[in-house]
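Some notes on the structure that comes next.
On a predicted model such as this, the values are computed, not experimentally measured, just so you know. Each chain gets a letter, A, B and so on, in the order the sequences are listed, and its residues count up from 1. Side chains are part of it too, since the values below use all heavy atoms of this structure and drop only hydrogens, waters and symmetry mates.
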Amino acid sequence: MKRYITNPPFSDSILKTVLFSSRHFASSAATAPLDLEEDIGGFTGASFGGIIQDKDLLWKTPNGGLYVLDLIDNGATDPNATLYNQLLKRCTQLGRLKEGRLVHAHVLNSSYRNYVAVQNSIINMYAKCGSPVEARKVFDEMAERDMVSWTAVITGFSQNDRAQEALGLFVEMLRDGFVPNQFTLGSVLKAATAVGEMEGRQVHAVCLKSGHGDDVYVGSALVDMYAKCGQMEEAEVVFDGLTSKNEVCWNALIAGHARKSEAEIAVRLFSEMKKAGFEATHFTYSSVFAACASIGALEQGKWVHGHLVKSGLKLIAFVGNTLLDMYGKAGSIEDAHKVFDRLVKRDVVSWNSMLTACAQHGLGRETVECFEEMRSRGILPNEVTFLCVLTACSHSGLLEEGLYYFELMKKLKLEPDISHYVTMVDLLGRAGQLGHAEKFIKEMPIKPTAAIWKALLGACRMHKNIDLGAYAAERVFELDPYDSGPHILLSNIYASAGRLRDAANVRKMMNDSGIKKEPACSWLEIENNVHMFVANDDSHPQRNEVRRMWEKIADKIREIGYVPDTSHVLWYVDQQEREVRLQCHSEKLALAFALLNTRHGSTIRIKKNIRVCGDCHTAFKFVSQLVGREIILRDTNRFHHFRGGSCSCGDYW
DNA sequence: ACACTCAGAC
């Protein structure tokens with residue numbers, strides 16, 4: 001039984017209240033001579049709409065309530081379902097939980113308390129205002145429920161990070177004999193996506209069975225579900241099968257590829273989306289820039305940036321921050337700066353992204369200056385801000401500053417989390433304060449994690465402290481036994497101290513547990529093609545030319561002072577073999593390739609999946625001097641700018 | 001005229 005009611009015509013008394021209330025119509029009512037006939041024509045029906053839409057009128061009552069409720073209380077009008085629904089909808093739009101509760105209370109005192117449509121509006125209001133529990137309470141107390149009630153309450157849990165409860169309600173709904181429609185399925189899929197792949201697949205089956213598989217909302221949620229499970233092929237199948245598409249399903253697909261760092265695909269889909277006649281939204285740009293950022297695809301990112309400029313979309317923080325981050329991660333600190341300067345409005349994230357970009361490029365002083373400017377402008381720093389600043393200090397050897405900012409952070413009542421402690425251990429360790437770092441770990445209020453000990457181990461490798469290094473490595477092996485990195489670090493610590501037997505034992509232990517070292521690789525993009533190089537790998541079509549080129553370069557830099565440093569190479573091969581292997585490092589091959597295939601004088605940008613080796617770092621400095629070009633090398637977490645024989649990191653990395 | 005899908009910084 002449906003109990004929709006129609007909107008009764010307004011009575012004269014409301015009109016009078018509305019028209020003569022100087023409190024709410026101060027200017028117009030006070031000055032304009034009143035012609036009742038005309039005004040009736042002008043206000044009928046629209047008067048409530050006007051009040052409800054106008055934020056000032058909606059809330060402006062002396063007791064902090066809602067004007068329309070006052071009108072009802074004063075007997076100026078009788079309430080009706082539509083009026084309540086409109087009010088609830090407005091509270092929902094504006095996210096006003098408190099006022100929504102007032103309307104709810106008012107409904108309970110009215111004769112509309114059992115109207116399903118009104119109750120549904122109340123559920124929806126609570127759901128959207130972040131109070132799924134209150135929504136559930138109203139739902140539970142309903143004598144009769146319809147599809148909308150179920151959908152509203154399920155959505156409440158789905159949108160408030162309580163996916164499991166949303167799915168529970170969905171099951172109950174099916175048990176009650178309801179057949180879900182596209183509205184329900186949209187929300188349920190979102191919840192299922194958060195719970196797991198199996199649940200997602202089950203709901204997909206329900207979508208097909210109930211005949212809603214081709215709805216855009218359901219389809220978008222399905223694409224997103226498969227994308228978030230990492231099943232991009234299945235996401236594409238669902239996407240291709242949709243008879244009508246919209247921006248959202250395109251965005252879901254693009255975002256999926258972006259999460260997998262598949263920048264080429266994300267960019268290709270971006271252009272296909274435009275060709276298909278859809279406008280890219282802030283969501284689209286944000287995803288594509290994030291994808292480019294993750295692999296450092298500067299040229300592709302720039303190309304998409306061009307489209308953003310042409311689109312006329314404002315450079316709001318939401319997309320601007322990602323763009324800034326992309327330029328930072330793709331190696332162009334200049335462009336990152338330009339974006340920062342052009343942002344319409346900067347939020348904390350904008351500042352954090354700028355700080356991150358400076359920190360990643362080894363600009364410790366600039367990072368600190370940027371932070372001070374941020375504070376002087378009254379922007380409240382958060383935990384991430386301090387992480388950026390501490391990282392910058394650590395990477396640039398600003399020990400005193402780092403210690404100062406760590407204290408400042410606590411003074412500002414921001415609680416350092418484990419990542420801040422890791423950075424502090426890194427800061428102390430890199431600066432050679434190993435004892436201090438060890439003491440810091442002992443005294444920290446949180447239980448040290450593997451990352452803490454890895455930071456200490458790295459510092460021990462750098463400063464050749466065998467005993468502490470072995471101790472730190474033991475802690476890492478307990479907490480994160482399958483990471484190859486710490487094994488190799490420890491083995492190298494022993495090897496460089498001449499303790500070859502110990503080094504061999506670590507290698508053996510590693511091999512016995514089946515731990516594989518991640519192969520080092522370097523890559524660069526030239527005209528939208530990515531060229532990848534792996535040490536001692538012969539797969540590149542120009543491999544012979546590349547090798548010969550590097551030999552030529554190596555000879556030339558030897559003449560200006562380069563001496564190969566073999567201490568970083570595996571200790572169990574003889575000296576000559578060591579040198580051969582050293583000259584096959586992936587970053588050297590990539591550099592030789594760049595010299596062969598890029599314009600004279602242009603900046604060379606190379607990316608590497610692990611930390612650059614010491615010998616390559618030295619060689620790159622000499623090459624930058626030899627050829628008079630800037631070389632930018634991206635490590636796992638920082639950039640080296642080689643120019644005129646030196647590096648921006650000041651050999652501190 | 002009460003219900004649905006896509007999102008960024010360390």
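Computed from coordinates, the A/Gln119 CD to B/dA1 P distance equals 17 Å when rounded to whole Å. Atom pair A/Leu308:CG and B/dG8:C1' shows a separation of 14 Å (rounding to whole Å applied). Put simply, CE on A/Met142 is 12 Å from C1' on B/dA3, counting in whole angstrom units. Spacing between atom NZ of A/Lys329 and atom P of B/dC10 amounts to 3 Å, rounded to whole angstrom units. Taking atom CZ of A/Phe406 as the reference point, atom P of B/dC10 lies 20 Å away to the nearest angstrom. In this structure, the OH atom of A/Tyr226 is 15 Å from the C1' atom of B/dT5, given to the nearest Å. Going from atom CG of A/Leu222 over to atom P of B/dC4 covers 17 Å, rounded to whole Å. Remark: C1' of B/dC6 and CZ of A/Phe239 are 12 Å apart, rounded to the nearest angstrom.
Within the structure, a side-chain polar atom (N or O) of A/Asn124 is placed less than 4.0 Å from OP1 or OP2 of B/dA3.
Residue contacts for A/Arg259: at a heavy-atom cut-off of 4.0 Å it reaches the sugar-phosphate backbone alone, with no base atom in range. In this structure, A/Ala359 reaches neither bases nor backbone, as no heavy-atom distance under 4.0 Å exists between it and the strands shown. A/Val216 comes within 4.0 angstrom of a base, heavy atoms only. Base contact: A/Asn321 has a heavy atom under 4.0 Å from a base atom. Contacts of A/Ser220 with the nucleic acid, taken as non-hydrogen atoms under 4.0 Å apart, include base atoms. Residue A/Lys128 is in sugar-phosphate contact alone, with no base atom involved, counting any heavy-atom pair closer than 4.0 Å across all strands shown.
Taking the six-membered ring where the residue is Trp, A/Trp351 and A/Phe340 present perpendicular rings, their angle passing 60° and hence far from 30°. Using a 30° and 60° split on the angle between ring planes, A/His106 and A/Tyr84 fall in the tilted class, from 30° to 60°. The aromatic rings of A/Tyr421 and A/Phe440 sit tilted, their planes meeting at an angle between 30° and 60°.
Comparing B/dA9, B/dC6, B/dC4 against the side chain of A/Ala252 picks out B/dC6 as the nearest. In this structure, the nucleotide among B/dC6, B/dT5, B/dG8 sitting nearest to the side chain of A/Ser286 is B/dG8. In this structure, the nucleotide among B/dC4, B/dC6, B/dA9 sitting nearest to the side chain of A/Asn352 is B/dA9. Residue A/Gln159 has its side chain nearest to B/dT5 when only B/dG8, B/dC10, B/dT5 are considered. Nearest to the side chain of A/Lys190, among B/dC6, B/dC10, B/dA3, sits B/dC6. When the nucleotides B/dC4, B/dC10, B/dG8 are ranked by their closest atom to the side chain of A/Asp325, B/dC10 comes out on top. Proximity note for A/Ala221 (side chain, C-beta onward) versus B/dA9, B/dT5, B/dG8: the nearest is B/dT5. Here B/dC4 is the nucleotide among B/dC4, B/dA9, B/dC6 with the atom lying nearest to any side-chain atom of A/Tyr217. Checking B/dC6, B/dC4, B/dA9 against every side-chain atom of A/Val248, the shortest atom distance belongs to B/dC6. Closest approach to the A/Asn181 side chain among B/dC6, B/dA3, B/dC4 is made by B/dA3 (side chain taken as heavy atoms from C-beta onward).
Of all non-hydrogen atoms in A/Met273 and A/Glu279, the two that sit nearest each other are CE-O, 3.5 Å.
Between A/Asp483 and A/Lys454 there is a salt bridge, with a side-chain nitrogen of the basic residue lying less than 4.0 Å from a carboxylate oxygen of the acidic one.
Residues A/Asp347 and A/Ser350 bring a donor and an acceptor atom of their side chains to less than 3.5 Å of each other.
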